[in-house]
There are 2 protein chains.
Amino acid sequence: MFTKVLVAEDYEIANQGIIKVIEEGLGIQNIHESKYCDDAYLKFRKAFQDNEPFELLITDLSFKEDHKVQIRTSGIELVQDIRKIQPNIKVIVYSQESRPDKINMLFQKLDINGYVCKGQHAVKELVNCVQGVFRGDTVLPPEVTEASTDNIVNLDDFDIMLLEELSQGLTKKEIVQKLKKLKITPNSESTIDKKLSKLFDDFKAKNTTHLVAIVKDLGLL
Amino acid sequence: MFTKVLVAEDYEIANQGIIKVIEEGLGIQNIHESKYCDDAYLKFRKAFQDNEPFELLITDLSFKEDHKVQIRTSGIELVQDIRKIQPNIKVIVYSQESRPDKINMLFQKLDINGYVCKGQHAVKELVNCVQGVFRGDTVLPPEVTEASTDNIVNLDDFDIMLLEELSQGLTKKEIVQKLKKLKITPNSESTIDKKLSKLFDDFKAKNTTHLVAIVKDLGLL
DNA sequence: TAAGTCCTTACGGATTTCCGTAATCGCAGG
DNA sequence: CCTGCGATTACGGAAATCCGTAAGGACTTA
């Protein structure tokens, strides 16, 4: 089993929870923690330079801002930077994100080794994930493996952006202007109409207001 | 210090984190945990009947649904039901919610003893909170004490009803019809327009969709 | 009684939404 | 090569939204 692990997670209680689980569930003793990305990076670099490198990083994705100004503000940057000095480090992401496409992106672009969703069954999943990653496996969460069979509506980034803008009260014309300004395609009003119609169907919404209400209730926004 | 505590929190890692903190930070040994509201309630009742009652409940507000069908689905119901059998039980709510009006509502209507926000400094806050509640204090989180108490919009029942209907996708004409059928006055489209305009002003909303999004975010709906 | 205020209602018009139809383009398969 | 499919774009029209003006009724206050 891994002998030296770093946990990067800004929410203290979650941080302590992770430590407790991998300590008691897997018998790992040498566990270090960080509440800030930059701090995690420095700990990593120092351990590497001292020839006592970490073997596993368990990190959150989002780190809230506070008084300590950070260079890195997300787990993604942290992983990228750590991989530069220690390319083969095993990485498990532990995050709220449950959208399959988002999670898949992490595996594809960031080449992480495992993902655990914050949730009701995170203890067992985390233990399984660490064990799997130690064996050399790539451990996908149930949210992804079961996604194909579920009737969950999959939203891509464009959909999320649309819903976000609408919930901020922008009209479709304003959204079009914004997209053109940001050079994001597609950016025609009729395409946006089409995408919205699809969302209406998917969520069985009667109009934009209803749609935003539904998505807010589902916590997708 | 408290000697027997129940932690109700569906996210396992957070659950473990809370236990670790109050165990190591406060030296409390007899800590029980529940991932479901109903389970927490049953543990509570049994302990009370066995004359070994809990002295403190630390509970989350939202509990995700899963395969186990629950009677109680939120921490609010849990607290209400537990208070019926043990009115003086101390209650600390530990939740994501950071909106002052929502949190204040918990103190006023649910008469809880303390509140801790899931966040970066939750460990210290939780320890302080438990200590304060043990002394008999009511422990408000910094989010509330530091909040300015001015920008509160007061909604009457008619406003709430309007917002509710709109968020369910009804058009104003449909709302008018519904009001007339229910013999509720006022019920003209232009009055509804007026009321809505006022809500737009109050919440600085640009249109209906924006308004519903804001109200949903504020947790008023 | 008269004036002022607030609530309700009516109406019109500029704008936006919602939903059709249809044309164009890139692209994979036969 | 061509055919079909999906994504994008354009356009139009009925309905709905948003916001202004205005009028009538209920109430208080002088």
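Computed from a prediction, not measured in an experiment: that's the story for all the values here. Below, chains carry the letters A, B, ... as their sequence lines are ordered, and counting in each starts from 1.
B:Asp193 contributes a side-chain N or O that forms a donor-acceptor pair with the base of D:dC19 under 3.5 Å. With hydrogens and angles left out, the side chain of B:Lys172 and the base of C:dT17 share no donor-acceptor pair within 3.5 Å. In this model, no side-chain donor or acceptor of A:Lys180 finds a partner on the base of D:dT9 within 3.5 Å. Evaluation of atom-type donor-acceptor distances gives no pair under 3.5 Å for the side chain of A:Ser188 against the base of D:dA10.
At least one side-chain nitrogen or oxygen of A:Lys195 sits closer than 4.0 Å to the OP1 or OP2 atom of D:dT8. For B:Lys173 and D:dT17, the shortest distance from a side-chain N or O to OP1 or OP2 is not below 4.0 Å. Between D:dC18 and B:Thr208, a contact under 4.0 Å exists linking OP1 or OP2 to a side-chain N or O.
The distance between atom CD of B:Glu165 and atom P of D:dA16, rounded to the nearest whole Å, is 16 Å. Rounded to whole Å, the distance from CG on B:Leu170 to P on C:dT17 is 19 Å. One interatomic measurement links the two molecules: CG of B:Leu166 to C1' of D:dC18, which rounds to 13 Å at whole-angstrom precision. Taking atom NZ of residue A:Lys194 and atom P of nucleotide D:dC11, one finds them 14 Å apart after rounding to whole Å. Separating the CG atom of B:Leu196 from the P atom of D:dT17 is a distance of 9 Å, rounded to the nearest angstrom. Separating the CD1 atom of B:Ile175 from the P atom of C:dT8 is a distance of 16 Å, rounded to the nearest angstrom. Atom NE2 of B:His210 and atom C1' of D:dT17 are 16 Å apart (whole Å). Separating the CD atom of B:Glu174 from the C1' atom of C:dC18 is a distance of 14 Å, rounded to the nearest angstrom.
Of all nucleotides listed (C:dT8, D:dA16, D:dA10), D:dA16 comes nearest to the side chain of B:Thr171. Of all nucleotides listed (D:dT8, C:dT9, D:dA10), C:dT9 comes nearest to the side chain of B:Asn187. Picking from D:dC19, D:dA10, D:dT21 the nucleotide with the shortest atom distance to the side chain of B:Phe200 gives D:dC19.
Nearer to the 5' terminus of DNA chain C, by closest-nucleotide assignment, is the contact made by B:Thr191 (compared with the other of B:Thr191 and B:Asn207). When each of A:Glu189 and B:Pro186 is assigned the nucleotide of DNA chain C bearing its nearest heavy atom, the one mapping closer to the 5' terminus is B:Pro186.
Contact check on A:Lys90 versus A:Glu55 returns no salt bridge, with no Lys/Arg side-chain nitrogen under 4.0 Å from an Asp/Glu carboxylate oxygen.
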request  = Go through the steps to decide whether A:Lys35 and A:Glu9 satisfy the test side-chain contact (heavy atoms from CB on, under 4.5 Å), and finish with yes or no.
outcome  = CA-CA 5 Å; A:Lys35 283 164 55 186; A:Glu9 156 71 58; over 6 Å; no
message = Set out, in order, the CA-CA distance, both residues' side-chain angles and the distance that settles side-chain contact (heavy atoms from CB on, under 4.5 Å) for A:Phe134 and A:Leu56, then state yes or no.
response = CA-CA 9 Å; A:Phe134 182 70; A:Leu56 173 67; over 6 Å; no
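The aromatic rings of B:Phe107 and B:Tyr115 sit tilted relative to each other, their planes meeting at an angle between 30° and 60°.
Note: B:Phe63 and B:Tyr36 fail the aromatic proximity criterion, with ring centroids not under 6.0 Å apart.
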